[in-house]
Amino acid sequence: MDDELRERVAAAGEAAALFNALKHGNDPEVGAIMGPIMGENPEFRPHGDEIPGVLAPVVNEVAELDDAERRERLGELAPDRLAELEAEAEADDRVLPDLPNAEDGEVVMRAAPNPNGPWHVGHARMPAVIGTYKERYDGEFICRFDDTDPETKRPDLDAYDAILEDIEYLGFEPDRVIRASDRLETYYDHARELIDAGGAYTCSCSGDEFSELKNAGEACPHREKDGETVREEFEAMVDGEYGSGELVLRVKTDIEHKNPALRDWVAFRMIDTPHPREEAAEYRCWPMLDFQSGVDDHLTGVTHIIRGIDLQDSAKRQRFVYDYFGWEYPEVLHWGHVQVDEYDVKLSTSTIKELIETGELTGWDDPRAPTIQSMRRRGIRGQALVDSMTELGMSTSDVDLAMSSVYANNRDLVDDEANRYFFVRDRDDAPAVELPVVDGDEPAPEAGHPPLHPDHADRGDREVPAGRVVVESPDLPDEGERVWLKGYGCVRHAGDELVFLDADIDVVRDGDVDVIHWAPADEGLETLLRTVEGDVRGIAEPALADVDPDTVIQFVRVGFARIDAFDPDATDEAGGPDGSEDLVAYYAHP
């Protein structure tokens with residue numbers, strides 16, 4: 001490689017490294033830019049063994065630059081590539097892609113929850129995205145309860161309203177609410193049409209028998225029944241004349257289809273367990289989800305479906321039914337699963353329900369539970385969760401929702417409104433310390449007067465009594481050292497007391513003393529703060545007694561919290577309020 005070519009490789013490598021670093025927000029690597037460089041510059045390929053050695057020092061130099069320097073340098077070397085980055089950044093502000101073949105005013109989408117329990121945090125993704133698309137396209141949002149499995153995923157009667165409340169909390173209102181268990185006759189009518197079209201047959205094979213035939217690509221012996229017999233047997237199914245497992249209705253597909261999961265799948269089966277809803281308790285012949293959902297999507301005019309990437313076979317099964325009826329299948333978008341960090345509890349409705357039943361969780365709104373009800377009780381706004389969910393985009397890969405993202409979004413929403421108060425935690429590993437404040441060079445004030453909000457002087461100050469105070473033990477300075485009690489003044493730690501020095505804030509501005517929060521020992525409120533990690537007890541300042549329940553405040557140097565309504569006489573909750581509390585609050589986040 002001659003010097004001229006070496007210079008060209010280095011220049012191309014620097015531009016590629018700058019672009020890669022700015023695009024992905026991290027330091028570039030030689031391996032990441034080799035492919036694009038060789039593809040764009042075929043004349044480099046004969047020197048493939050030498051090129052990494054040329055690129056390495058260039059990449060290292062780019063790694064030492066900050067983003068501003070990288071952006072400036074890329075503008076000098078390749079302004080067109082910088083413009084490309086800026087265009088992508090502008091598009092990224094709209095994190096959800098446009099829907100395919102979507103027209104304003106014509107988009108209809110549905111969330112289809114199984115109401116076997118209230119929603120966990122992961123469930124929020126669907127209504128968040130659908131609600132956002134509804135607003136973008138002036139479309140329609142359907143909530144359809146897919147409650148046609150009264151046995152395996154048995155509906156919870158309280159979950160219907162709980163889920164609708166969760167959707168409202170997220171900031172959306174469905175245009176239509178449908179319960180599939182109200183629509184059995186509709187599904188029966190379409191099954192009859194399918195039978196008449198030669199597209200379905202009744203089958204009494206056991207599951208193992210049919211599975212063996214299916215996997216071998218062999219037809220079930222019942223497949224060629226005449227239509228009249230199939231119709232009669234299906235009517236007997238509807239009338240409840242068969243028991244669970246005795247007979248099913250199958251959709252005729254392609255018995256030799258390359259995907260065995262699509263071969264003659266079950267559309268209806270018998271279930272002996274009565275549905276918990278009184279309106280549906282008499283039915284015994286129930287549609288499988290793929291049949292029920294496919295029929296409902298067409299009849300309700302759904303134009304776009306979002307479903308998990310693991311459910312691709314659902315669309316393929318349903319297309320067989322759509323082909324029989326001559327229907328046009330909706331547009332489908334697939335995405336990966338979402339996982340949530342921070343919680344020790346699995347994102348599983350059945351797991352959460354079991355933990356509640358065993359008493360390990362106090363309920364669906366326990367702060368340790370990864371549920372929407374829990375987030376609401378903690379004072380986290382639904383919009384913060386919606387913003388974080390839509391920021392995940394529509395990747396078909398599994399994605400991780402960092403709760404820090406939700407907290408950052410919520411902080412933007414509540415910080416301006418949340419007044420500030422003091423809460424001193426009394427923890428086993430860091431017990432609170434109680435000390436009197438005594439006169440020193442100047443008389444000690446009787447109270448401190450910190451502002452309700454540092455950015456809103458018009459809201460005024462709080463009055464915090466200061467005769468005897470409690471502070472968190474890690475905040476207490478060494479004996480003889482000074483510390484600033486926020487909103488009060490400078491004190492010196494002198495043995496078993498704090499000696500007031502003065503209220504000259506300059507010592508704080510000069511960085512000579514630390515600033516700590518505190519609370520009155522005698523007039524303070526016994527407080528229980530409920531957190532994701534467990535309950536924390538301590539003392540809060542008395543002004544909180546006048547704060548209405550459901551108000552979000554900020555405990556200075558601790559974090560945001562929601563003031564809870566509670567009954568001090570209700571002491572039957574294990575590990576919860578024991579009747580000694582003046583105040584109960586739920587911790588939101590730092």
> According to the ring pair (Phe, Tyr, Trp, His ring centres under 6.0 Å) rule, which pairs have a member within residues 423-452, sequence neighbours left out?
Replying inline: Phe423-Phe555
Using a 3.5 Å cut-off and no angle test, enumerate the donor-acceptor pairs between side-chain atoms of residues 496-503 and protein atoms at least two apart in sequence or in another chain.
residue	atom	partner	partner atom	Å
Asp502	OD1	Asp504	N	3.1

>> One thing to verify: whether Arg537 and Glu581 come together as a salt bridge, which I'm taking to mean a side-chain N less than 4.0 angstrom from a carboxylate O.
In response: yes
> Just checking, any donor-acceptor pair under 3.5 angstrom between side chains of Thr300 and Asp296?
Replying inline: no
>> Does any part of the side chain of Trp335, heavy atoms only, come nearer than 4.5 Å to the side chain of Ile309, both counted from C-beta?
In response: no
> So do the side chains of Arg482 and Val507 get within less than 4.5 Å of each other, counting heavy atoms only?
Replying inline: yes
>> I want to check something: taking the side chain as every heavy atom from C-beta on, are Leu164 and Val177 in contact at a cut-off of under 4.5 Å?
In response: yes
>> Does anything in residues 364-386 form a ring pair (Phe, Tyr, Trp, His ring centres under 6.0 Å)? List the pairs, not counting sequence neighbours.
In response: none
>> According to side chain to side chain donor-acceptor pair (under 3.5 Å), does anything in residues 372-388 pair up with another residue at least two apart or in another chain? List the pairs.
In response: Asp166-Arg376, Tyr343-Arg378, Asp365-Arg377, Arg377-Asp564, Arg377-Tyr586, Arg378-Tyr407, Arg381-Glu417, Gln383-Asp387, Ser388-Ser405, Ser388-Asn409
> How about Asp398 and Gln339: does a side-chain donor come under 3.5 Å of a side-chain acceptor?
Replying inline: no
Let me have the donor-acceptor pairs involving side chains of residues 108-121, under 3.5 Å, with sequence neighbours excluded, atom names and distances please.
residue	atom	partner	partner atom	Å
Arg110	NE	Asp297	OD1	2.9
Arg110	NH2	Ser293	OG	3.4
Arg110	NH2	Asp297	OD2	2.9
Asn114	OD1	Asn116	N	3.3
His120	ND1	Gly122	N	3.0
His120	ND1	His123	N	3.4

> Under the ring pair (Phe, Tyr, Trp, His ring centres under 6.0 Å) test, which residues partner Tyr160, sequence neighbours left out?
Replying inline: Phe145
> If you measure only the distance, is there a donor-acceptor pair under 3.5 Å linking the side chains of Asn410 and His589?
Replying inline: yes
